[in-house]
Amino acid sequence: MMENKKTGFASGIGFVLAAAGSAVGLGNLWGFPYKTSANGGAAFVLVYIACVLVIGVIAMLCEVFIGRRAQANPVSAFKKVNKNFGWFGLLAITIPAIIICYYSVLGGYTIKYSLNSFAGNAGKFVSFAGNVGEVILYTVIFLALSLFIVMAGVKGGIEKASKILMPALFVILLVIVGFSLCLGEGVSDGLAFYLNPDFSALDGAAILAAMGQAFFSLSLGMGAMITYGSYTGKGINLIKSTAMICIFDSLVALLAGLSIFPSLFHYMAVEGISASELGMGGIGLMFMTLPMVFEDMGVLGQVISFFFFAMVAIAAVTSVISLMEVVTQFVIQKFHILRKRATLVVTGICFAVSIPVGISLGYALNGTEALLIFGNNWLDFFDIVTNTVLMPVCALFACVAVGWLIGAEKATSEIEADGTSLGWFRPVFEVMVKYVTPILILVVEIFGLIDLIAPKNDAGVRIFSGNGLGIVLSAYLLLGICAGIYFLFFRNSYTGTNEDEKQTDAIEEKEEIEAIKEAYTREL
């Protein structure tokens with residue numbers, strides 16, 4: 001059989017950079033800093049790092065192992081564990097499909113802000129968000145970049161792009177950190193807030209926030225690590241690779257904080273305003289607060305703004321290509337559709353849904369209550385459904401699949417048989433994957449549901465939210481639909497493997513060669 005060059009990672013570093021690119025995204029460069037600012041600063045950072053170790057490393061290792069074990073898409077991978085639980089694989093494909101629809105809108109924002117840096121972004125957020133034509137245009141540009149990378153395949157597209165984009169992101173981030181640390185007044189206060197822990201500022205909510213951030217920032221529970229894991233061979237050390245991915249992801253988040261907090265505190269000191277006046281929470285931190293900071297720095301600030309938002313755009317692209325690959329891989333392997341066509345279909349559907357997402361967000365930011373779902377704009381609704389409710393469920397079952405269905409002891413034996421020596425980590429992993437990590441993920445899920453159904457008011461008292469209940473029921477309805485579709489159409493049918501993808505890739509290559517020959521003949 002022809003060994004196709006598009007299928008599978010060529011090297012361990014290619015896999016690590018691609019998986020790190022999937023993990024590194026807006027959650028690191030935007031979510032981590034604003035959650036740090038809202039939850040006590042340095043103390044939150046320490047808890048976050050601990051959570052990466054006890055939740056992130058174990059859950060990621062489980063997902064990568066499930067993918068490599070099956071050498072197939074998430075549905076086939078979970079079917080190999082147990083035929084009755086393949087629907088979790090379908091859920092793992094549905095989640096990234098939904099995320100692409102809103103993440104691409106934010107990705108378009110980052111491209112717009114990077115290109116517009118020299119004209120000034122301060123105060124432009126609401127007006128841009130309300131300009132439907134511009135929002136759609138930049139969403140198209142962002143999706144097109146991702147489309148071309150995924151079309152080129154795993155080796156020729158995703159791996160090659162990751163080897164260029166991830167080092168570029170890291171270099172840009174280091175430059176911005178260096179600049180921020182040299183700003184002068186207020187920088188020491190920013191460093192003290194970020195690096196000097198005050199554990200009195202840490203409460204239960206902050207600990208839960210750190211657990212959630214560690215979980216979500218690593219792209220767990222969205223099929224990406226299963227898909228990328230399926231493209232790895234036996235020569236790739238899973239323990240070292242997983243550790244390197246988690247370290248790289250956490251390092252980017254920590255450096256993002258180191259670049260943002262000195263800048264913010266410098267701006268506060270120069271302008272004489274407080275943190276509460278500046279408003280460092282949520283989407284406003286990246287698209288409203290930071291542009292004010294950059295504008296205050298003059299011409300140099302415009303340059304930094306360009307590179308900062310270019311860096312964020314790179315992170316968004318590397319995340320979206322992994323999400324797109326999860327869905328595309330399944331379409332190729334199950335339905336034997338050529339990669340280019342499969343990618344076009346997936347991108348087209350996601351783009352169609354992204355249009356009302358962008359419009360709804362624009363309405364919300366401009367104070368218009370329209371296109372809402374259970375009181376939320378479409379972006380927030382999709383984000384809550386996937387991140388808060390469904391992703392923990394998917395990651396939880398990955399741990400259950402490895403720890404209980406396959407069996408922790410058998411799983412570790414299989415990992416070592418493939419050339420990865422666990423050593424002292426073997427008994428630790430077996431205990432963590434069976435008990436500790438699943439319990440912690442369950443805590444993230446339960447408290448996430450509680451905060452939706454009974455959020456706290458300004459007085460700290462929990463009150464029932466009908467909208468929150470509606471979101472939770474919508475999420476679990478989607479989970480039920482995935483299960484229903486699986487048992488009706490996929491349980492007793494063949495759902496494909498990487499070998500099927502190699503065959504379709506070979507057909508695609510043959511068509512390309514024939515097209516080149518035909519074009520050459522016409523020229524003669």
Which distance, rounded to the nearest 0.5 Å, do you find between the [atom1] of [X] and the [atom2] of [Y]?
X: Cys246; Y: Ile49; atom1: SG; atom2: CD1; value: 12.5 Å
X: Ile236; Y: Thr242; atom1: CD1; atom2: OG1; value: 10.5 Å
X: Asp249; Y: Asn28; atom1: CG; atom2: CG; value: 4.5 Å
X: Leu220; Y: Ser22; atom1: CG; atom2: OG; value: 9.5 Å
X: Ile13; Y: Glu159; atom1: CD1; atom2: CD; value: 9.5 Å
X: Ile471; Y: Ile373; atom1: CD1; atom2: CD1; value: 9.0 Å

Q) ring-ring contact (aromatic ring centres under 6.0 Å, His included) between Tyr48 and Phe32: does it pass, once the steps are laid out? A) CA-CA 9 Å; Tyr48 163 78; Phe32 176 76; 4.9 Å; yes

Heavy-atom donor-acceptor pair, [X] side chain to [Y] backbone, under 3.5 Å:
X: Lys80; Y: Arg69; result: yes
X: Asn498; Y: Ser230; result: yes
X: Thr386; Y: Ile99; result: no
X: Trp87; Y: Gly484; result: no
X: Lys79; Y: Phe490; result: yes
X: Gln71; Y: Thr232; result: yes
X: Thr437; Y: Val54; result: yes
X: Asn467; Y: Ser465; result: no
X: Thr347; Y: Leu344; result: no
X: Asn366; Y: Thr368; result: no

Would you kindly say whether [X] and [Y] are connected by a side-chain donor-acceptor distance under 3.5 Å?
X: Thr495; Y: Ser76; answer: yes
X: Asn377; Y: Tyr363; answer: no
X: Tyr231; Y: Glu325; answer: yes

For atom [atom1] of [X], decide whether the heavy atoms of other residues, nucleotides or ligands shown that lie under 6.0 angstrom number more than 12.
X: Lys163; atom1: NZ; result: yes
X: Phe425; atom1: CZ; result: yes
X: Phe148; atom1: CZ; result: no

Q) Any salt bridge between Asp451 and Lys456, counting N to O under 4.0 Å? A)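 Lys456 and Asp451: not salt-bridged.
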
Q. Is Arg426 salt-bridged to Glu430, going by a charged N under 4.0 Å from an acidic O?
A. yes

Q: Test Thr36 against Gln213 for side chain to side chain contact (heavy atoms under 4.5 Å, CB included), laying out the working first.
A: CA-CA 10 Å; Thr36 299; Gln213 177 62 23; over 6 Å; no

Q. Is the Phe78-Phe397 ring centre distance short of 6.0 angstrom?
A.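 Phe78 vs Phe397: aromatic centres under 6.0 Å.
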
Q) Does the ring centre of Phe9 sit less than 6.0 Å away from the ring centre of Tyr228? A)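 When the ring centroids of Tyr228 and Phe9 are compared, they turn out to be within the sub-6.0 Å range.
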
Q | From Trp378, Tyr103, Phe381, residue fulfilling side-chain contact (heavy atoms from CB on, under 4.5 Å) relative to Val357 | A |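 The passing option is Trp378.
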
Q. Do Arg339 and Val154 come close enough that some side-chain heavy atom pair is under 4.5 Å?
A.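 Contact flag for Arg339/Val154 side chains = yes.
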
Q. Quick one: does Pro74's side chain get under 4.5 Å of Thr227's, heavy atoms only?
A. yes

Q. So among Glu501, Gln333, Lys334, Gln329, which one has a side-chain hydrogen bond (donor to acceptor under 3.5 Å, both in side chains) with Asn73?
A. Gln333

Q.
Would Phe429 and Thr412 count as a side chain to side chain contact (heavy atoms under 4.5 Å, CB included) here? Give the steps.
A. CA-CA 8 Å; Phe429 174 75; Thr412 51; 3.5 Å; yes

Q: Could you go through the side chain to side chain contact (heavy atoms under 4.5 Å, CB included) check for Ile450 and Arg462 one step at a time?
A: CA-CA 9 Å; Ile450 291 173; Arg462 293 194 178 276; 3.6 Å; yes

Q: Apply the test side chain to side chain contact (heavy atoms under 4.5 Å, CB included) to residues Leu361 and Tyr109: give CA-CA distance (whole Å), side-chain angles for both, the deciding distance (0.1 Å), then the verdict.
A: CA-CA 12 Å; Leu361 179 61; Tyr109 277 37; 3.5 Å; yes

